[in-house]
Amino acid sequence: MTAQKILIVEDEQAIREMTAFHLSRAGYAVLEAQNCREARALLADNRPDLALIDWMLPDMSGLELTRTLKRDKEFEDLAIIMLTARAEERDKVSGLEGGADDYITKPFSPRELVARIKAVLRRAVNASDELVSAGVLEIDAAGHRVLSSGREIKLGPTEYRLLHFLVTHAERVYSRTQLLDRVWGANVYVEERTVDVHVRRLRKALTDAGADEYIQTVRGAGYRFSTRDV
Ligand code: CA
């Protein structure tokens, strides 16, 4: 099993590095961002299991970032723990209202942090521990794996997210712009052609399983996932 991935969004370098150090030692893969902008950029290409988001960040508050992510269909299964300073403790309740799964007050011990992360991840896995099947494909959302007849189909992170999005929104047509928005995330400046490139890669990966035809091009409109009429 691959390591679970944690995104740390914290502008104070000492705290961020200390946290990253302890989390890697606990066996997690760690991504680091100093502000919300960097966090969004990392989220465009990575699918962390959990984000640790500091309350006070230079560009946007961590609470606002949490709200935005929790409202976004693509990130609704991302577990979020907010980091708060003691003075902000009274705001804890609104932190949880913003959609955070838990909060932890600074300064915290590494052991406490890891215990909290484990607890939140356990809850998150139970909530999304479902197999989505579509035709010959099975998507193991908890493990971020795609299977066909019990065999794993290797996909890059973007292809995985694209497929997951299309399968969970099957039979509907999405334009390239809509896919960029939903799969790559808003505020990401990539060309629409990028969508075509990843669709091509995804189809190629699905060819052996005979599932490439599920990804249909709708002329002049965009793409659709369908297991009918294939
Ligand atoms: Ca801060």
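Residue numbers run from 1 in the order of the sequence given. Numbering of ligands and ligand atoms starts at 1, following listing order.
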Quiz item: Can you name the closest pair of heavy atoms from R203 and Q216 and give their distance?
Solution: NH2-C, 3.8 Å
Practice problem: Kindly give the heavy-atom pair with the smallest separation between L52 and T19, and that separation in Å. | Solution: CD1-CG2, 3.7 Å
Self-check item: Hydrophobic cluster (4.5 angstrom, side-chain heavy atoms) - remaining members for V173
Solution: V218
Quiz prompt | Ring centroid separation H169 to F225 under 6.0 Å | solution = no
Quiz item: Salt bridge check: are R116 and D102 linked by an N-O gap of less than 4.0 Å?
Solution: yes
Quiz prompt | Distance (rounded to the nearest 0.5 Å) between L147 CG and E138 CD | solution = 6.0 Å
Exercise. Under 3.0 Å from the Ca ion (ligand 1), which protein N, O or S atoms are there? Could you list them by chain and number?
Key: D11 OD1, D54 OD2, M56 O
